[in-house]
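The model shown is predicted, which means the values in this text are computed figures rather than measured ones.
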Amino acid sequence: MMPDDVSARFAEHFAATLTGLTGVAIETAPHVTGGSEDATFFMRRVQERGGQAIYAVVGSDIPSGHHTPEFDINEADFPWVIEALATGIMGLGRKSPD
């Protein structure tokens, strides 16, 4: 199986753990982004050693783009973000995507 296939299955598995959460929209299609090179460096190192890694992005309404003086985030989003990430991580620990 190609690494991209493994990553896609892993992303689908992570998304499946979130299906019971209210108000969470899930998108698993691959996206080309200007993601931080440090995150992709860590992901690649994990994958080179046989592990699985995905880059999960959590959205929030913000008044401007990231890395700008106007950047701000709605702190009211924090509880559902924490719930979604914790649910996904716990779900991965209970089931194998293989």
Side-chain angles (χ1 to χ4, degrees):
M1 184 174 285
M2 298 298 294
D4 288 344
D5 295 336
V6 172
S7 295
R9 288 183 49 216
F10 191 59
E12 290 287 339
H13 177 64
F14 184 81
T17 67
L18 305 178
T19 57
L21 297 180
T22 304
V24 176
I26 301 167
E27 167 89 34
T28 59
H31 294 283
V32 176
T33 67
S36 176
E37 71 281 351
D38 58 342
T40 56
F41 173 79
F42 290 125
M43 289 174 57
R44 186 176 321 257
R45 297 286 286 189
V46 167
Q47 292 168 334
E48 287 172 351
R49 289 164 173 73
Q52 298 181 46
I54 57 172
Y55 191 79
V57 177
V58 178
S60 179
D61 290 331
I62 55 176
S64 74
H66 294 258
H67 310 287
T68 67
E70 296 82 23
F71 176 82
D72 195 9
I73 194 163
N74 184 354
E75 286 87 0
D77 290 337
F78 287 1
W80 72 260
V81 169
I82 293 167
E83 180 183 12
L85 292 174
T87 298
I89 291 165
M90 295 299 291
L92 290 176
R94 286 191 297 272
K95 306 178 211 169
S96 172
D98 295 328

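- Taking both residues in full, the closest heavy atoms of T17 and G88 are given as OG1-CA, 3.1 Å, listed atom of the first, atom of the second, then distance.
- Hydrophobic clustering (side-chain heavy atoms under 4.5 Å, transitive across Ile, Leu, Val, Met, Phe, Trp, Tyr) groups L21 together with I54.
- Cluster annotation: F14 is connected to V81 through the hydrophobic network of ILVMFWY side chains, with a link wherever side-chain heavy atoms come within less than 4.5 Å.
- Taking the side-chain hydrogen bond (donor to acceptor under 3.5 Å, both in side chains) definition, one finds that D77 meets it with S60, W80, sequence neighbours left out.
- A search for side-chain hydrogen bond (donor to acceptor under 3.5 Å, both in side chains) contacts involving E83 returns nothing, not counting sequence neighbours.
- At a threshold of 4.5 Å between side-chain heavy atoms, the hydrophobic network of Ile, Leu, Val, Met, Phe, Trp and Tyr places L85 and V46 in two separate groups.
- Scanning for side chain to side chain contact (heavy atoms under 4.5 Å, CB included) contacts around T22 gives an empty result, with sequence neighbours left out.
- Annotation for I26 and L18: closest pair CD1-CB, 3.6 Å, computed over non-hydrogen atoms.
- Scanning all heavy atoms of the two residues, the minimum distance from G91 to H13 falls at O-NE2, 4.0 Å.
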